[in-house]
Amino acid sequence: MTTTKVQPPQLPKGTRDFYPEDMRIQNFIFDTWKRIALRFGYEEYEGPMFEHLELFTGKSGDEIVSQLYNFEDKGGRAIALRPEMTPTLARLVIQKGNAIKKPFKWFSIPRLFRYERAQKGRLREFFQLNLDVLGTESIYAEADLISATATMLLDFGLKSTDFVIGISSRKLLATYLQEIGTPSADLVYPVLDRRLKIGPEAFAEALAAIGLSTEQSQKIDALMSCKSIEEVKKLVSSPSSIEALHEIEDLFDILTSTGFGDCIGLDLSIVRGLAYYTGIVFEVFDKGKAMRAVAGGGRYDSLCEKLGGAKVPGVGFGMGDVVLADLLRDHDLLPTQKQTLDLFIASFSTDMKQIFKTANIFRQMGFNVSHPLSPIKLGKQMELANQQGATCVVYVDGENAKEGEFEFKDLSKGTMNVGSAQRISEYLKQ
RNA sequence: GUGAGUGUAGCUCAGUUGGUUAGAGUCCCAGAUUGUGAUUCUGGUUGUCGUCGGUUCGAGUCCGAUCUCUCACCCCA
C-alpha cells in the first residue's frame, strides 16, 4: 500500500479569503456604502452572479470574452460570471418596462469576476458598489450621484484634500471634436483616454496616425489641459459646445453651493473607456499615490435602447472594494477593533450548565453573549472574555450575589458590581 | 498574453566563500496564579527550506525547469 501526500488546497489566483479580521474590514466598507446610499434614497437590488454571455458581448463586443469567466452549462447555454453590474441593471429595467415609476435610484454591491492577471488594486474576484439614477436627463441626477460619492468618502474619514472627483463631459468632447472637424469620435476617444499615460509626444503621434492635423491635435490638447470652466469658454465657439459647457457649469454650481466645492475639479482629460457614455463622466482620484483612480462613472442615455429596450436615460457609477481598502489603509482609516460582545458568562466552579442557561437569559434580552465551551479555569475564562472583546463578565456563581443576582465586572474599568439581570441590562445601556 | 522580482515555522524575517542535528522574534499551548483578564517570568509545539531534477563526498546556499505570490505592460467595464 502506498500513501501519497495530499497537496494542501490552494487559493485560486486573484481571489481572497476573508478571515474574521478581514470580514470586519469588509463589513465596515459595505456598511458605510449601504448607509450613505440609503441616506440618499437609493434602493438596493441584486441579480444573479452569472448571466447569458450575450448580455456582455452585446454591449462590449466579442473581445470581452477573453477577459471574463465563461462556460457552457449542461443545457448547452453560453454563460458568463458577471464582470460588471450595469448590463444586469439594464436587463432588470428593460424587463419591467413601464411598470417602474421613473425616475428611480438604485444601488447594489455585486460580487464581480474578471479573468485578468492580478496586480495592485485588481483581482479576479472583487466587490463593487454601484449607484445608478435612471429615467431622467436632469443634471440633478449627476449632482446626486457625485454628492453621494463625496459624502461616502468623507464618511470613511478621508479629507477633501485626500481625493478629488474629476468631472468631464463626453458631450463637450464630442461637440468640440465636431467643431474642429475631426474624424469619428469613436476612433478618437481611445487615444484621448490614453493621453496622460502615453505623454504629449506619443499622444500627438497617435492622433496624427488616425488622420488629425497638427492644428487639430493641438486644439484637443489645449481643451483637455483646461483647469477651469473659464479657460474652456475661451476655446469653444459652436452653440452645441457652449450648451455642453453650460451643463458642466450648472453641475459645478449645484455641487459648490451644496458644499462639495472642495471635492470636485474640472478634468477634461477624463474620457473613460466605455463606449456607452454619452454625457458627464467623472472619476475619483487618490491625490496621494500617483492619482490612482478609485471610482468612476457617467451618463449613459442610450444603453437600454442599445440592449433592445425602450430609451431610459441613466447615470451611474462604480467603486471597487480593493482600491478603496488600499486607500483607506494608506490613511490608517480601517477599523482595528475586534468583534463587539456585550457579555461573557463565567463561572468560578465552571458550572457549564448554569453558564449556558444564563447566557440564554441575556441573549433573550437582546445582548451579544459568549461563554466558555468547556470547563476551564477562571483565569482562562477571563482571558477568553478579554480576547473576544466583551464589555462585561457576568459570574453565575459569585458568593457575594444573592438569589436572582449576579456579580459582574466591567472589563474596561476593572470594577466589580452586583445586580439582577435587569440591572446589568441597564448598566450596559448606559 | 509579455517582462521583472520573490518564495526558509501560522506571521515577520536571519542563515558566513557549499560543511554536522536550520535559527530569532511573534503567535499559539502549558505553568508560576485552585475566586478573576491586558503586564511580567519560565517551559513547550511548530518546517519535504515552494516543487521536481542536475552539479557535488556533501545543497537552504550553485545550475535548470516548473509553480506561487508581488510589481509593471496589455486591458480596464
Side-chain angles (χ1 to χ4, degrees), chain A residues 4-17 19 21 51 55-61 63-68 80-90 110 112-124 126 128 130 189-190 193-194 197-198 270-277 281 283 289-290 292-293 295-298 300 303 316-320 322-323 326 338 341 344-351 372 375-401 407-416:
Chain A
T4 43
K5 171 108 179 172
V6 178
Q7 280 290 26
Q10 243 179 354
L11 182 70
K13 206 190 247 302
T15 64
R16 291 168 288 176
D17 287 323
Y19 286 88
E21 58 269 31
E51 294 271 8
L55 183 65
F56 304 113
T57 53
K59 195 198 92 189
S60 312
E63 326 81 68
I64 193 128
V65 176
S66 67
Q67 288 167 61
L68 47 73
L81 300 185
R82 63 184 179 198
E84 59 168 325
M85 197 55 171
T86 310
T88 296
L89 172 63
L112 303 178
F113 308 85
R114 294 179 187 175
Y115 192 83
E116 57 187 353
R117 259 168 92 159
Q119 54 183 290
K120 191 153 188 65
R122 291 174 72 181
L123 299 174
R124 288 183 165 184
F126 59 98
Q128 188 186 64
N130 276 69
Y189 282 152
D193 196 34
R194 296 170 52 77
K197 192 177 257 182
I198 62 182
I270 296 168
V271 181
R272 305 211 23 96
L274 271 175
Y276 60 63
Y277 287 121
V281 286
E283 280 183 357
K289 284 209 171 152
R292 77 187 146 175
Y300 49 87
L303 178 63
F317 114 112
M319 185 187 311
V322 183
V323 177
D326 278 349
K338 317 174 182 180
L341 199 59
F344 188 92
I345 312 298
S347 163
F348 295 106
S349 59
T350 61
D351 183 341
I376 50 172
K377 286 198 294 191
L378 191 63
K380 291 290 159 201
Q381 297 183 48
M382 295 303 292
E383 205 175 306
L384 272 184
N386 194 49
Q387 208 175 59
Q388 295 182 15
T391 307
C392 284
V393 173
V394 168
Y395 305 91
V396 298
D397 47 5
E399 49 190 30
N400 300 320
E407 284 182 26
F408 65 100
K409 180 172 191 169
D410 184 317
L411 284 179
S412 59
K413 294 177 190 155
T415 52
M416 286 294 289

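Not measured: the values here are computed from a predicted model. Every chain is numbered from 1, with letters handed out A, B, ... down the list of sequences.
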Next on the checklist: Distance check needed: B/C75 P versus A/Arg124 CZ, whole Å only.
Outcome noted: 18 Å

Checklist outcome for this item: Rounded to whole Å, the CD-C1' distance (A/Glu116 to B/C73) equals 13 Å

Checklist entry - Between A/Asn400 and A/Glu407, what is the shortest heavy-atom contact and its length? => result N-OE2, 2.9 Å

Item to check | Residue mapping more 5' on RNA chain B - nearest nucleotide basis, A/Ser412 or A/Pro12 | outcome: A/Ser412

Item to check | A/Phe56 side chain reached by A/Gln67 side chain, heavy atoms, under 4.5 Å | outcome: no

Item to check | Pairing string, 5' to 3', for RNA chain B - Watson-Crick or wobble contacts under 3.5 Å, brackets [ ] where pairs cross, | to another strand | outcome: (((((.(..((((.....[...)))).(((((.......))))).....(((((..]....)))))).)))))....

Checklist entry - Are any non-hydrogen side-chain atoms of A/Leu411 and A/Val393 less than 4.5 angstrom apart? => result yes

Item to check | Residue A/Arg122, side-chain atoms from C-beta onward, closest of B/A77, B/U68, B/C75 | outcome: B/C75

Checklist entry - Is a donor on one side and an acceptor on the other found under 3.5 Å between the side chain of A/Glu51 and the backbone of A/Ala80? => result no

Item to check | Side chain proximity check, A/Leu89 to A/Asn130, heavy atoms < 4.5 angstrom | outcome: no

Checklist entry - Given atom NZ of A/Lys13 and atom P of B/G50, what is their separation to the nearest angstrom? => result 18 Å

Item to check | Rounded distance (Å) that lies between atom P of B/U70 and atom CZ of A/Arg16 | outcome: 11 Å

Checklist entry - How does protein reach along nucleotides 29-36 of chain B, written 5' to 3' as B (base within reach of a heavy atom under 4.0 Å), S (only sugar-phosphate), or - (no contact)? => result -SSS--BB

Checklist entry - Given side chains that start at C-beta, do those of A/Arg16 and A/Phe126 come closer than 4.5 Å, heavy atoms only? => result yes

Next on the checklist: Give me the distance, rounded to whole Å, that separates B/U46 from B/G10 when you measure between the C1' atoms they each carry.
Outcome noted: 9 Å

Item to check | Side-chain N or O of A/Gln67 closer than 4.0 Å to phosphate OP1/OP2 of B/C75 | outcome: no

Item to check | Nearest-angstrom distance from the residue atom CZ of A/Phe113 to P of B/C76 | outcome: 21 Å

Checklist entry - Can you check whether A/Arg117 has a side-chain N or O nearer than 4.0 Å to OP1 or OP2 of B/U70? => result no

Item to check | d(CD, A/Glu84; P, B/C76) in whole Å | outcome: 12 Å

Next on the checklist: Can you confirm whether more than 12 heavy atoms, excluding those of A/Phe348, are under 6.0 Å from its CZ atom?
Outcome noted: yes

Item to check | B/U6 and B/C49, which share atom name C1', separated by this distance in whole Å | outcome: 15 Å

Checklist entry - Taking all non-hydrogen atoms of both residues, which atom of A/Ala293 and which atom of A/Val323 are closest, and how far apart? => result O-CG1, 3.7 Å

Checklist entry - Mind checking the C1' distance from B/C75 to B/C11? Whole angstroms is fine. => result 35 Å

Checklist entry - Parallel, tilted or perpendicular: which fits the ring planes of A/Tyr276 and A/Tyr300, with parallel below 30° and perpendicular above 60°? => result perpendicular

Checklist entry - Roughly how many Å is it from CD1 in A/Ile64 to P in B/C74, rounded to a whole number? => result 18 Å

Checklist entry - When the C1' atoms of B/G47 and B/G7 are considered, how many whole Å apart are they? => result 14 Å

Checklist entry - Does the side chain of A/Thr415 pick up a donor-acceptor pair with the side chain of A/Asp410 at under 3.5 Å? => result no

Next on the checklist: Can you check the distance between B/U17 and B/G60, where both ends of the measurement are the C1' atom (answer in whole Å)?
Outcome noted: 16 Å

Checklist entry - Just checking A/Arg82: base, sugar-phosphate only, or nothing, at a heavy-atom cut-off of under 4.0 Å? => result nothing

Next on the checklist: When the P atoms of B/C67 and B/C27 are compared, how many Å lie between them, rounded to an integer?
Outcome noted: 38 Å

Item to check | Pairwise C1' distance for B/C28 and B/A72, with rounding to whole Å | outcome: 38 Å

Checklist entry - Mind checking the P distance from B/G18 to B/A4? Whole angstroms is fine. => result 26 Å

Checklist entry - Between B/C73 atom P and A/Gln119 atom CD, what is the distance in whole Å? => result 6 Å

Item to check | Partners passing salt bridge (charged side-chain N to carboxylate O under 4.0 Å, His left out) against A/Arg122 (at least two apart in sequence or in another chain) | outcome: A/Glu116

Item to check | Any A/Lys120 side-chain nitrogen or oxygen under 4.0 Å from OP1 or OP2 of B/A72 | outcome: no

